[in-house]
Each structure stands twice: as C-alpha cells, then as structure tokens.
2 protein chains.
Amino acid sequence: MDTALKAIADPKRREILRLVWTSELPASDIASHFHDVTRSAISQHLGVLRQANLICERRSGNRRLYRANAEEMARLRTFLDQYWTGGLDRLKTAAEAAQRKKDNEHG
Amino acid sequence: MDTALKAIADPKRREILRLVWTSELPASDIASHFHDVTRSAISQHLGVLRQANLICERRSGNRRLYRANAEEMARLRTFLDQYWTGGLDRLKTAAEAAQRKKDNEHG
DNA sequence: CGATAGTGTAAGCGAATGCTTACGTAAGAA
DNA sequence: TTCTTACGTAAGCATTCGCTTACACTATCG
C-alpha cells in the first residue's frame with residue numbers, strides 16, 4: 001500500500017495513470033505524450049506503477065498494452081478515505097471518552 | 001499540492017499527522033511516540049509537514065505545539081477526489097467527443 | 001535470413017531523502 | 001547569572017530517485 005502511495009506521489013506517474021485510466025495504451029503512445037523526457041524514463045515509471053500493482057500489462061505482438069488496475073486504485077482510495085475518516089473517528093472516540101470522564105466526575 | 005502529496009507518502013509523517021489530528025501536541029510528545037528514531041528525525045519530519053502546510057505551529061513558552069491543518073488536509077483530499085473522479089470525467093468527455101464526431105460524420 | 005520497430009534493462013550520475021551526531025538558541029528554574 | 005529543558009538546524013553519510021545513454025531482446029516485415 002505504501003508503494004502505491006509513493007507511486008502516485010509523482011506527478012508524471014499520476015499523468016500516466018490518467019492516460020491509461022480509460023483506454024489501454026501501448027508504451028510508445030504513453031511515452032510520446034511526454035516531450036520533456038526520454039522513452040526510457042517513462043518505461044521506468046511504468047515499472048514503478050507495475051510494481052505498485054496500479055497498472056496491468058498485456059502483450060500484443062510487438063507491443064505492451066497498459067491499463068490502470070481499477071481494483072488496486074480503488075483499494076488505494078479506500079485506504080486514504082479510511083486514513084482521513086480514521087482521524088474523525090479518533091475525534092469522535094476522544095469526545096466520547098471525555099464525555100464518560102465528565103459523567104464519572106459528576107456521578 | 002505536490003509537496004503535500006509527497007509528505008503524506010511517508011508512513012511516519014502520516015502517523016505524526018494522526019497524532020496531532022485532534023489534539024495539539026508538543027514536539028517532545030510526538031517524538032517520544034517513536035522508539036525507533038531520534039528526536040531530530042521527527043523534528044525534520046515536522047519540518048516537511050510544516051512546509052507542506054499540513055500542520056500549524058504555535059509557541060507556548062519553551063514548547064512548540066503542533067496540530068494538523070484541517071483546511072489543507074481537506075484541500076489535499078479534494079485534490080485526490082478530483083483526481084479519481086477526473087478519470088471518470090475524461091471518460092465522459094471522451095464519450096461525448098466520440099458522439100459529436102459520429103454526429104458530424106452522419107451530418 | 002537480415003533489417004527495423006517496440007520495449008525493457010543495466011550502468012552511471014546528480015539530486016533528494018531519511019537518518020544520526022553535534023551544535024545553537026530561546027525560555028524557564030535555581 | 002548559570003543550569004536545564006525543549007526544540008530547530010548544520011554536517012555528514014548511506015540510500016533512493018529520476019534521468020540519460022547504451023545495449024539486449026522480441027516480433028514483424030522484407
């Protein structure tokens with residue numbers, strides 16, 4: 001999970017993910033979308049995303065087609081949601097504990 | 001925004017954020033929560049979070065009290081939400097564009 | 001077969017990261 | 001004032017990162 005979080009912390013990798021979010025794309029198409037960096041750099045970014053299980057690879061003849069792994073993306077989003085709401089839960093339980101303490105003091 | 005994303009990509013910084021999510025804590029209390037790392041390391045993590053505007057610092061006598069910056073946290077969460085749903089938006093606009101193209105071809 | 005796309009990978013490099021130790025500094029306590 | 005507590009910060013170091021160039025490999029075309 002931490003691997004995925006670090007993977008999407010990079011803007012280029014987030015852009016790559018958006019490219020393959022809806023449509024499956026060959027590595028060359030993905031690479032040609034970035035004009036400030038080499039094809040090799042993009043290939044390595046794809047490797048990072050692959051290792052984080054955020055993209056799936058399918059070989060078709062000469063090409064390798066990539067698409068976002070919606071399942072893992074969803075898991076990551078859930079993790080982040082739980083992290084956020086987890087804070088609220090802590091607030092809630094803290095408030096409840098304070099209330100109990102207050103009640104005990106009054107009882 | 002990218003700074004914030006990279007800040008929360010680190011597990012120790014996420015834990016720090018949770019510690020100061022609800023209650024304001026002095027740096028020493030935060031540091032003493034981590035037994036595998038020096039107080040200095042935590043201080044530097046606090047610096048990263050501070051630079052990402054994810055925590056607020058308040059001085060009280062000798063101490064420095066930290067708390068999570070709920071506003072910035074919310075902004076970050078919104079950014080991530082838009083990133084996720086942005087993929088769906090792209091799918092929608094792509095479908096609309098395809099439809100328009102189709103209409104033109106038929107016109 | 002050889003030539004040519006499409007692609008991953010190894011090597012190397014400069015910059016950033018996360019950590020430690022040592023030091024600096026500001027606010028009370030004696 | 002001197003000592004102590006609470007903290008940031010500089011320096012140094014090993015590791016990781018993102019990038020480039022060069023090369024290796026596989027599939028297709030001739």
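Naming: A, B, ... by sequence-line order, numbering from 1 per chain. The model shown is predicted, which means the values in this text are computed figures rather than measured ones.
Rounded to whole Å, atom C1' of dT7(C) lies 12 Å from atom CD1 of Ile30(A). Following rounding to the nearest Å, Gln44(B) (CD) and dA10(D) (P) show an atom-to-atom distance of 10 Å. Between the C1' atom of dT21(C) and the CZ atom of Arg39(B) lies a distance of 11 Å, rounded to the nearest Å. Rounded to an integer number of Å, the gap from CZ of Phe34(A) to P of dT20(D) is 12 Å. Note: CG (Asp2(B)) to P (dA16(C)) measures 14 Å, nearest angstrom. The nearest whole Å value for the distance from the NZ atom in Lys6(B) to the P atom in dT17(C) is 7 Å. Atom NE2 of His35(A) and atom C1' of dT20(D) are 19 Å apart (whole Å). The separation between Asp36(A) atom CG and dC19(D) atom C1' is 11 Å, rounded to whole Å.
In this structure, Glu15(A) pairs ionically with Arg18(A), as a charged nitrogen and a carboxylate oxygen lie closer than 4.0 Å.
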Considering only nitrogen or oxygen atoms on both sides, find all protein atoms under 3.5 Å from nucleotides 3-6 of chain C and state each distance.
residue: dA5(C); atom: N3; partner: Asn62(A); partner atom: ND2; Å: 3.3
residue: dG6(C); atom: O4'; partner: Asn62(A); partner atom: ND2; Å: 3.4

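Note that CH2 of Trp21(B) is 13.5 Å distant from CZ of Arg67(B), once rounded to the nearest 0.5 Å. In this structure, Phe34(B) CZ and His45(B) NE2 are separated by 8.0 Å, a value rounded to the nearest 0.5 Å. Between atom CG of residue Asn53(A) and atom OG1 of residue Thr3(A) there is a gap of 10.0 Å, rounded to the nearest 0.5 Å.
The phosphate of dC19(C) (OP1 or OP2) has a side-chain N or O of His45(B) nearer than 4.0 angstrom. Between dC19(D) and Thr38(A), no contact under 4.0 Å exists linking OP1 or OP2 to a side-chain N or O. One finds a side-chain N or O of Lys12(B) lying less than 4.0 angstrom from the OP1 or OP2 phosphate oxygen of dC19(C).
With sequence neighbours excluded, the residues satisfying side-chain hydrogen bond (donor to acceptor under 3.5 Å, both in side chains) with Glu24(B) are Arg58(B). Considering only residues two or more places apart in sequence or on other chains, Gln44(B) meets the side-chain hydrogen bond (donor to acceptor under 3.5 Å, both in side chains) condition with Ser40(B). Partners of Phe79(A) under the side-chain contact (heavy atoms from CB on, under 4.5 Å) rule, at least two apart in sequence or in another chain, are Met1(A), Leu5(A), Arg14(B).
Taken residue by residue, residues 48-60 of chain A places no heavy atom nearer than 4.0 Å to DNA chain D.
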task: Kindly indicate, with the supporting measurements, whether the criterion salt bridge (Lys or Arg N to Asp or Glu O under 4.0 Å) is fulfilled by Lys12(B) and Asp36(B).
output: CA-CA 11 Å; Lys12(B) 276 204 181 65; Asp36(B) 58 338; 3.5 Å; yes
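Defining each end axis of the helix from dC1(C)-dG30(D) to dA30(C)-dT1(D) as the rotation carrying four pairs' C1' atoms onto the next four, with five pairs an end, the two axes are found to diverge by 0° to 10 degrees.
Of the options Leu65(A), Ile55(A), Leu19(A), a side-chain contact (heavy atoms from CB on, under 4.5 Å) to Ile30(A) is made by Leu19(A) and by none of the others. Residue Leu54(A) forms a side-chain contact (heavy atoms from CB on, under 4.5 Å) with just one option from Leu17(A), Val48(A), Val20(A), Ile16(A), and that option is Leu17(A).
Among the nucleotides dG8(C), dT20(C), dG18(C), the one closest to any side-chain atom of Arg13(B) is dG18(C).
For Ser43(B) and dT9(D), a side-chain-to-base donor-acceptor distance below 3.5 Å is absent, hydrogens and geometry of angles not being considered.
A side-chain donor-acceptor contact under 3.5 Å links Ser32(A) to the backbone of Ser28(A). Checked by atom type and distance alone, the side chain of Asn69(B) never pairs as donor or acceptor with a backbone atom of Cys56(B) at under 3.5 Å.
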